[in-house]
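The figures here come from the full heavy-atom set of this structure, side chains too, leaving out hydrogens, waters and symmetry mates. Start at 1 with the first residue, then count along the sequence.
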Amino acid sequence: SSSVKRVHGKFNLSYWILPHDVDLMRWFINDEVEYVHAITRNKLKDEDDYLIVHMHFKGGTDAIEECSWTAPPLSLKYYNCQMEIRGTKGAIEINSTNMNVDIYSASNVVRSPETYEYFNVHGSYFGLFYNLIDHFVKCIIYEKEPLVGIEDAYKTIQVCAAVERSINSGEKEYISE
């Protein structure tokens with residue numbers, strides 16, 4: 001993909017897309033990663049590589065992350081980005097073609113809340129990215145601590161560092177404390 005060309009060779013690709021997904025998984029699961037095991041085609045040295053990471057959380061949950069930037073832009077309907085979360089009581093599917101979240105419950109009910117133009121966050125309605133930028137600006141103006149602080153970011157980077165070590169060792173790597 002052309003998007004990897006702008007960053008390839010400038011830093012380890014374990015730190016490119018993966019941190020966003022690690023953040024989401026830590027938030028969804030409400031737990032910390034204990035160890036990771038990463039698989040790549042060529043240790044992220046080529047533009048057409050991929051990254052598959054098994055993350056084991058301290059509470060026993062397992063998550064599989066796949067980052068692949070090898071596919072060319074095929075069409076507007078092609079799933080450029082997607083996330084599936086499966087559990088014992090239901091599932092959630094998110095994809096980039098329609099920006100909706102589909103929530104499947106055990107009672108065979110599917111909900112698809114609007115997440116693109118109009119959605120509710122803690123009782124307030126916003127559009128795409130509005131609440132993120134608004135929060136960031138208000139933290140600067142009013143000298144407030146952000147909802148997600150530097151300690152949280154550090155925990156995510158620790159996971160990415162363990163992924164980088166796992167890529168090089170080919171083994172399971174524990175998160176450094």
Side-chain angles (χ1 to χ4, degrees), residues 1-88 90-102 104 115 128-129 132-133 136 146-177:
S1 159
S2 61
S3 61
V4 74
K5 291 179 192 276
R6 66 182 171 83
V7 297
H8 189 264
K10 295 180 180 174
F11 56 87
N12 186 292
L13 294 178
S14 301
Y15 301 90
W16 182 33
I17 298 171
L18 184 63
H20 305 293
D21 295 336
V22 170
D23 278 339
L24 283 173
M25 284 189 253
R26 289 180 50 241
W27 181 59
F28 288 150
I29 297 169
N30 195 26
D31 197 6
E32 298 303 330
V33 178
E34 181 179 6
Y35 63 81
V36 300
H37 186 223
I39 300 170
T40 68
R41 179 181 302 134
N42 192 23
K43 297 190 177 190
L44 304 183
K45 294 178 182 177
D46 299 324
E47 288 181 10
D48 68 341
D49 212 335
Y50 59 83
L51 173 62
I52 299 171
V53 182
H54 167 228
M55 286 179 261
H56 181 77
F57 286 79
K58 292 179 178 179
T61 300
D62 288 297
I64 304 296
E65 167 69 19
E66 178 185 341
C67 295
S68 177
W69 41 85
T70 60
L74 301 174
S75 76
L76 293 176
K77 292 296 288 175
Y78 178 73
Y79 285 157
N80 187 34
C81 178
Q82 65 184 28
M83 176 180 271
E84 297 175 4
I85 302 169
R86 307 231 179 264
T88 56
I92 298 173
E93 294 180 356
I94 305 167
N95 72 64
S96 62
T97 60
N98 61 13
M99 290 299 293
N100 274 340
V101 176
D102 295 327
Y104 301 85
T115 59
L128 184 64
F129 294 118
L132 299 174
I133 295 168
F136 178 74
L147 291 173
V148 179
I150 192 74
E151 298 84 14
D152 194 62
Y154 179 68
K155 288 179 182 180
T156 292
I157 294 304
Q158 285 181 306
V159 173
C160 295
V163 168
E164 182 178 16
R165 291 193 311 273
S166 180
I167 289 168
N168 291 323
S169 72
E171 302 292 327
K172 172 172 56 174
E173 295 287 340
Y174 284 82
I175 309 308
S176 302
E177 294 292 327

Contacts of [X] that satisfy side chain to side chain contact (heavy atoms under 4.5 Å, CB included) - sequence neighbours left out:
X	result
I17	D21, C67, W69
A153	none
I85	F28, M83, I92
D46	N42, D48

Residues 146-177 vs ring-ring contact (aromatic ring centres under 6.0 Å, His included), sequence neighbours excluded, gives Y35-Y174

What are the two closest non-hydrogen atoms of [X] and [Y], and how far apart are they?
X	Y	value
L44	Y50	CD2-O, 3.5 Å
V4	E47	CG1-O, 3.7 Å
A38	L51	CB-CD1, 4.0 Å
P19	C160	CG-SG, 3.6 Å
H37	G170	NE2-O, 3.1 Å
R86	E84	NH2-OE1, 3.3 Å

*asked:* With a 6.0 Å cut-off (strictly less than), is the heavy-atom count around CD1 of I64, excluding the residue itself, greater than 12?
replied: yes

To the nearest 0.5 Å, atom CG of N12 lies from atom NZ of K45 at 10.5 Å

Could you tabulate the donor-acceptor pairs under 3.5 Å formed by side-chain atoms of residues 54-61, not counting sequence neighbours?
unit_1: H54; atom_1: NE2; unit_2: D62; atom_2: OD1; d: 2.7
unit_1: H56; atom_1: ND1; unit_2: D62; atom_2: OD1; d: 2.8
unit_1: K58; atom_1: NZ; unit_2: E177; atom_2: OE2; d: 3.3

Mind checking what makes salt bridge (Lys or Arg N to Asp or Glu O under 4.0 Å) contact with [X], not counting sequence neighbours?
X	value
R26	D23, E32, D152
E65	none
E34	none

Do the non-hydrogen side-chain atoms of L13 and D49 ever get within less than 4.5 Å of each other?
no

Report task. Look only at the side chain of E173 and the backbone of A162, and say whether a donor-acceptor pair between them is shorter than 3.5 Å. Result -> no

